[in-house]
Amino acid sequence: MHLCELTQASLPTDIHTPIYDRRRHAPGVVHLGLGAFHRAHQAMVFDQLLSAGDTRWGIHGVGMTRPDLVNQLKAQDGLYAVRIANGQGVKWQVPGALWRTSVATTERDAVVQAIAAPSTRWVTLTVTEKGYTPALGQLLLDGLRLRQQAGLPGITIASCDNLQGNGHKLQALVKAAAAPEDSEVLSWLDTHCAFPCSMVDRIVPAATVEVMTAAQEALGLQDHCALSTEGFWEWVIEDRFADPVDAVLLQSAGVRVTSDVNSYEEAKLRMLNGSHTAMALMGAVTGRPFIASCIGVPHIREFVFRLMGNEVAPHLSRSDWADYRTALIARFGNPYLKHSVHQIATDSSQKIPQRWPPSVLGQIGQGASFEHHALAAAVFVRYTLGVDEQGQAYALNDPQAESLMALGAAQRTEPEACVRALLAREDLWGSALPQHAAWIARVMHWHQHILQHGVDHAVQQLTEA
């Protein structure tokens, strides 16, 4: 027996399940990027709104490339269990907001029609940094064009990816897809649609066999789509909506609606995501499998604490950064979140530009130390070897994997040349850092130390200084 609408009634009474009609109404949200994060974050917010009686928040979920996940969710009628675990204990929940599913690569027209459907009020996106391509802009524009031609209302199109100013970037991407004959569509889009910036925060590891086994024990049913997450979640969104009433509705579900998303956005990108990337690369090179395995090591925990406090926080406008840092350290150590270092290290070439250079440049501008970021950059160079310190090979899951490994391949025999080559890449570091002699020298210093003595020894030397 597996989880689906027919078996939902047999679930234990202490598991929160959908109490609303999932069949009678058309979805009001099209979500692009139907991965674990969305299903344990926004989908649970929309589930809360649906549970309160507002039937406009059902989701048409679009897997961009993965028919396997979409097929598994279809077999379960869009139902899946989420284990929510923190210091207070563990609970299970079955959100019911996912009503329909499609795959963008094989069902593009269905996705365009969903964006253009009269019931659609929102489009949300978690397609990752590398997903912001001309093809995405064209997909959205095609759906919006049909809406405009049909005389339908405008909609809110909310990027929820880890990109600073993500709403502005998404709007520019859609406009860039326009042809000369699209002037009416663009005018309608500017007048009637909204592209709010937003920041989302919740640690959601990729699904594992361990979580599926735990779900079967808790539910008494098989669930091939079960997820695990933490109790903490945050969604900060700009007060810019096609329907202004949505601000009050989202606030009722715990979303923070504000005119100042940037201060939360930059804190999350540089504190949480920046330290996540540093730990993930350290874990990959040292052979530690999970983030909790890394933060549980005293010298790595001290490194992360100082990285955030000494080199990131001075350049943030989020006033409660110290409390945020304390919460992050605790969250990283959550034993239930077996968050794979290799999952977080995925697409590092796309993530590093958002996460590290702004803090390094801020430190340089103040004449302050950037040693923690230099060491992290040295670990990244070491990571491109594709083999850990125990001699175990690993794959670089990155759009730039081939060029990164080609540049990093000779670092044992020509370390200086390799470091210079990797630090010269403006797609990773921007235009200023590749010209900064002191930055290059400190990365070279730590890289040489890592090659000779290992990552742990280098981190210890820095944190004990």
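Residues take their numbers from the sequence shown, with the count starting at 1.
In this structure, H276 has its ring center under 6.0 Å from that of F332. For H168 and F195, the ring centers sit 6.0 Å or farther from each other.
Counting only heavy atoms from C-beta outward, the side chains of E129 and D347 never approach each other to under 4.5 Å. With contacts defined as side-chain heavy-atom distances shorter than 4.5 Å, the pair Q435/I440 does not qualify. Contact check for L375 versus H445: no side-chain heavy atoms found under the 4.5 Å cut-off.
Side-chain polar atoms of D68 and Q72 form no donor-acceptor pair below 3.5 angstrom. Side-chain contact annotation: H60 with T101, donor-acceptor N/O pair under 3.5 Å absent. In the model, W235 has no side-chain atom that pairs as donor or acceptor with a side-chain atom of D201 under 3.5 Å. Side-chain polar atoms of H447 and Q411 form a donor-acceptor pair below 3.5 angstrom. In this structure, a donor-acceptor pair under 3.5 Å is present between the side chains of T277 and R355. Using modelled atom types and a 3.5 Å distance limit, the side chains of H315 and E266 yield no donor-acceptor pair. Inspection of the Y264 and T258 side chains reveals no N or O donor paired with an N or O acceptor under 3.5 Å. Side chains of Q164 and N262: a donor on one and an acceptor on the other come within 3.5 Å. Side chain to side chain, D161 and Y132 meet the donor-acceptor criterion of an N or O pair below 3.5 Å. In this model, a donor atom of one side chain and an acceptor atom of the other lie less than 3.5 Å apart for S403 and R425. Between the side chains of D323 and T326, no donor-acceptor pair is found at a separation under 3.5 Å. Counted by atom type alone, Q343 and T346 present zero donor-acceptor pairs between their side chains at under 3.5 Å. In this structure, a donor-acceptor pair under 3.5 Å is present between the side chains of S228 and R83.
By the 6.0 Å contact criterion, CD on Q366 is enclosed, its count of non-hydrogen atoms from other residues, nucleotides or ligands being greater than 12. The environment of NZ in K169 is crowded: more than 12 heavy-atom neighbours from other residues, nucleotides or ligands sit within 6.0 Å. Within a 6.0 Å sphere centred on CZ of F232, other residues, nucleotides and ligands contribute more than 12 heavy atoms. The environment of CZ in R420 is sparse: at most 12 heavy-atom neighbours from other residues, nucleotides or ligands sit within 6.0 Å. Within a 6.0 Å radius of CD in E181, other residues, nucleotides and ligands contribute more than 12 heavy atoms. Annotation for Q251: atom CD counts as buried by contact number, over 12 foreign heavy atoms lying within 6.0 Å. Annotation for R202: atom CZ counts as buried by contact number, over 12 foreign heavy atoms lying within 6.0 Å.
Looking only at distances, no side-chain donor or acceptor of E238 sits under 3.5 Å from a matching main-chain atom of P196. In terms of modelled atom types and a separation under 3.5 Å, the side chain of T156 and the main chain of A242 share a donor-acceptor contact. Remark: side-chain polar atoms of T120 are not paired, donor with acceptor, to backbone N or O of W122 under 3.5 angstrom. Distance alone, capped at 3.5 Å, is enough to place a donor-acceptor pair between the E311 side chain and the E371 backbone.
Between W99 and Y20, the ring planes lie tilted relative to each other; the angle falls in the 30° to 60° range.
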Original post:
Passes side chain to side chain donor-acceptor pair (under 3.5 Å), D398 versus S349? Steps please.
Top reply: CA-CA 7 Å; D398 193 292; S349 70; 2.6 Å; yes
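Distance CG/L163 to NZ/K351: 11.5 Å, rounded to 0.5 Å.
Figure legend: cation-pi geometry between R145 and W188 absent, as NZ or CZ is not positioned both under 6.0 Å from the six-membered ring centre and within 45° of its axis.
Minimum interatomic distance between D243 and R56 (heavy atoms only, all atoms of both residues): OD2-NH1, 4.2 Å.
A salt bridge between K338 and E230 is absent, with no side-chain N of the basic residue lying under 4.0 Å from a carboxylate O of the acidic one. The pair D190-K175 meets the salt-bridge criterion, since a charged nitrogen lies less than 4.0 angstrom from a carboxylate oxygen.
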